[in-house]
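Below is one structure, written out as structure tokens; comments come after it.
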There are 2 protein chains.
Amino acid sequence: MLKKTDKRKVSKSTISRLFVYLREVSKLANLNIRTISSAELAERVNLGAAQIRKDLGYFGHFGVSGSGYDIKELERALKRILEKNKNCRVAIVGCGNLGTALISYGGFQKQGVEIAAAFDTDPKKIGKKYGGIPVQPLDKMPGAIKAKKITIGIITVPAQNAREAVDCLVDSGIKCILNFAPVGLMVPEDVTVKDVDLSREIETLSYFVDNNVVG
Amino acid sequence: MLKKTDKRKVSKSTISRLFVYLREVSKLANLNIRTISSAELAERVNLGAAQIRKDLGYFGHFGVSGSGYDIKELERALKRILEKNKNCRVAIVGCGNLGTALISYGGFQKQGVEIAAAFDTDPKKIGKKYGGIPVQPLDKMPGAIKAKKITIGIITVPAQNAREAVDCLVDSGIKCILNFAPVGLMVPEDVTVKDVDLSREIETLSYFVDNNVVG
DNA sequence: AATGTTTCGTGATTTATTTCACGATAAAAT
DNA sequence: ATTTTATCGTGAAATAAATCACGAAACATT
């Protein structure tokens with residue numbers, strides 16, 4: 001059994017951490033550091049050494065006993081593992097502060113995620129450009145999504161407009177949605193919604209701070 | 001054993017979900033709906049019914065067999081459980097798009113989280129106001145944080161400035177940091193950092209989309 | 001070359017979280 | 001009043017995730 005490409009066993013958290021490793025390793029590569037041990041890398045990314053080794057272990061043998069991981073090589077390996085999302089194009093729905101923050105964040109292209117379209121209902125915003133992307137009205141969505149082969153929709157509208165945004169995305173054929181609006185969205189069975197709830201993060205953190213149970 | 005206030009057993013995810021329940025229940029209360037079953041609530045928030053019942057079970061008995069939860073009552077109970085963060089004040093470090101998105105997001109006050117100060121290094125931004133909060137330079141931070149009794153720092157600066165931001169927060173006595181910069185931050189042992197990595201969320205989602213393993 | 005040291009890779013163990021399943025309880029119906 | 005139905009609360013079971021711990025492999029030193 002040479003190949004360990006049994007994806008069913010690799011958890012979402014593992015994949016998510018691989019992106020962290022890649023980012024850190026790329027940084028180290030630029031500093032011309034040659035090798036790093038799982039323990040050192042672990043310290044840099046605030047995770048356990050065993051966890052790093054285990055995560056990498058799902059995809060192959062990238063380290064060398066006694067001396068650790070060759071940074072260039074590990075970087076290459078991680079890119080290869082994660083490069084599958086090379087052609088991922090996303091649409092932003094809602095060009096408020098959060099939406100434009102995502103559009104103007106430059107780090108996506110590096111990982112192969114391209115923001116290919118932006119939408120808003122506000123007539124004053126239509127036609128404006130953020131990061132080179134023109135803002136379009138919602139009724140242009142189905143066409144634009146098909147034309148640009150967009151596979152992920154990102155909802156960054158206020159809560160009260162989320163329903164409209166999600167319906168429009170679903171009608172445009174999107175099966176995968178990242179939702180920043182603080183509401184539960186009901187969608188057809190074949191559509192996946194991943195909620196990212198910024199206020200909840202802060203609220204939850206604050207709960208534990210006040211109860212002195214952080215750690 | 002009447003009180004079930006054994007906080008050690010309540011997980012972070014449970015608390016996080018309680019905020020979701022509260023939000024949904026408040027919405028239902030405004031619609032003048034009287035009661036709801038765990039199954040109905042579960043559907044609305046995309047979670048399991050048993051999970052809702054279990055989460056609530058850590059804090060008491062709020063439901064009625066056969067008819068479900070009284071919405072007003074449940075809302076009151078959830079507010080009481082979560083109100084402990086009533087006096088939570090946070091500082092935003094970095095007034096770019098993401099920082100201002102958080103400042104201008106109105107939902108925090110409802111949950112008792114107050115954005116009490118904002119900082120940035122850019123001289124052009126100093127003195128400006130976002131959502132009524134004036135932007136201050138970093139050297140004003142230690143004083144402002146003590147004066148306003150701020151307990152949480154939120155880092156919304158670009159990756160390359162995160163180090164400076166976190167050092168400044170730690171020097172100001174902050175023990176709890178929510179970090180939106182896509183870098184691992186090394187902090188003293190008694191400081192907690194919770195990372196929220198927006199690009200990673202998208203990247204991870206896109207990985208699973210492309211590999212057809214979403215679900 | 002032999003010995004000591006470092007560090008990986010991974011099965012086994014532990015811990016955490018979710019889901020199941022069912023007894024108990026209360027409302028609704030007959 | 002009795003039966004039926006709905007639904008909670010929760011211990012037990014299942015699943016998922018993180019951590020441990022140790023053999024094996026490679027390097028470093030003498």
Side-chain angles (χ1 to χ4, degrees), chain A residues 1-18 20-21 25 28 33-71 73-74 77-78 81 204 208 213 215, chain B residues 1-18 20-21 25 33-71 73-74 77-78 81 195 204 208 213 215:
Chain A
M1 212 189 267
L2 269 172
K3 285 204 178 178
K4 286 216 164 187
T5 330
D6 192 348
K7 274 166 214 154
R8 279 158 298 184
K9 291 183 97 181
V10 180
S11 78
K12 221 199 111 238
S13 348
T14 291
I15 297 297
S16 180
R17 282 190 297 268
L18 292 183
V20 178
Y21 307 153
V25 160
L28 293 167
I33 298 170
R34 290 272 182 79
T35 63
I36 193 166
S37 68
S38 58
E40 289 169 309
L41 183 54
E43 169 144 281
R44 287 181 159 269
V45 297
N46 298 317
L47 291 166
Q51 183 154 71
I52 293 179
R53 294 201 301 275
K54 188 149 260 242
D55 285 341
L56 295 174
Y58 290 118
F59 297 94
H61 302 210
F62 309 116
V64 178
S65 295
S67 64
Y69 297 89
D70 179 281
I71 284 179
E73 212 170 296
L74 183 55
L78 285 168
I81 296 165
T204 306
F208 283 100
V213 219
Chain B
M1 212 189 269
L2 270 171
K3 285 202 179 179
K4 286 216 162 187
T5 330
D6 192 347
K7 275 167 216 154
R8 280 158 297 185
K9 291 182 99 183
V10 181
S11 78
K12 221 197 111 242
S13 347
T14 291
I15 296 298
S16 181
R17 282 190 297 267
L18 292 184
V20 178
Y21 307 153
V25 160
I33 298 170
R34 289 275 180 78
T35 64
I36 193 167
S37 68
S38 58
E40 289 169 310
L41 184 54
E43 170 145 280
R44 288 181 159 269
V45 297
N46 298 317
L47 290 166
Q51 183 154 70
I52 293 179
R53 293 200 303 275
K54 186 146 264 234
D55 284 341
L56 295 173
Y58 290 119
F59 297 94
H61 301 209
F62 309 117
V64 177
S65 293
S67 65
Y69 298 90
D70 180 281
I71 284 180
E73 212 171 294
L74 183 55
L78 285 168
I81 296 165
D195 290 307
T204 306
F208 283 99
V213 218

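Residue numbers start from 1 in every chain, and the chains themselves are labelled A, B, ... in the order their sequence lines are given, proteins ahead of strands.
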| message | At a heavy-atom distance below 4.0 Å, what parts of residues 33-46 of chain B sit against DNA chain D? | response | B/Ser37, B/Ser38

Working to the nearest 0.5 angstrom, can you tell me the gap between [X] [atom1] and [Y] [atom2]?
X: A/Ile33; Y: A/Asp70; atom1: CD1; atom2: CG; value: 12.5 Å
X: B/Ile71; Y: B/Leu41; atom1: CD1; atom2: CG; value: 8.5 Å
X: B/Ile81; Y: B/Leu18; atom1: CD1; atom2: CG; value: 5.5 Å

| query | Can you find a side chain N or O atom of B/His61 that sits less than 4.0 Å from OP1 or OP2 on C/dT25? | reply |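 For C/dT25, neither OP1 nor OP2 has a side-chain N or O of B/His61 closer than 4.0 Å.
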
| Residue pairs involving residues 37-46 of chain A (criterion salt bridge (charged side-chain N to carboxylate O under 4.0 Å, His left out); sequence neighbours excluded) |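 For residues 37-46 of chain A, and leaving out neighbouring residues, the salt bridge (charged side-chain N to carboxylate O under 4.0 Å, His left out) pairs sorted by first residue read A/Glu24-A/Arg44.
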
Taking only residues two or more places apart in sequence or in another chain, which ones pass side-chain contact (heavy atoms from CB on, under 4.5 Å) with [X]?
X: B/Thr35; value: none
X: A/Asn46; value: none
X: B/Ala50; value: B/Arg53
X: B/Lys54; value: B/Tyr58

| field | Residues which pass side-chain hydrogen bond (donor to acceptor under 3.5 Å, both in side chains) with A/Tyr21, listed by chain and number, not counting sequence neighbours | value |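 side-chain hydrogen bond (donor to acceptor under 3.5 Å, both in side chains) check on A/Tyr21 returns A/Asp55.
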
Between [atom2] on [N] and [atom1] on [X], what's the gap in Å once rounded to a whole number?
X: A/Phe62; N: C/dC8; atom1: CZ; atom2: C1'; result: 13 Å
X: B/Lys54; N: D/dG9; atom1: NZ; atom2: P; result: 12 Å
X: B/Phe59; N: D/dC8; atom1: CZ; atom2: P; result: 18 Å
X: B/Gln51; N: D/dG9; atom1: CD; atom2: P; result: 15 Å
X: B/Leu47; N: C/dT17; atom1: CG; atom2: C1'; result: 13 Å
X: B/Lys9; N: C/dT15; atom1: NZ; atom2: P; result: 14 Å
X: A/Asp55; N: C/dC8; atom1: CG; atom2: C1'; result: 14 Å
X: A/Tyr58; N: C/dC8; atom1: OH; atom2: C1'; result: 16 Å

| Can you give one letter per nucleotide of nucleotides 22-30 of chain D, going 5' to 3': B for a protein heavy atom under 4.0 Å from the base, S for sugar-phosphate only, - for none? | ---BS----

| said: Any base atoms under 4.0 Å from B/Gly68, or only sugar-phosphate, or nothing? Heavy atoms, all strands. | reply: sugar-phosphate

| task | Among D/dG9, C/dT18, C/dT17, find the nucleotide with the atom closest to the side chain of B/Tyr69. | result | D/dG9

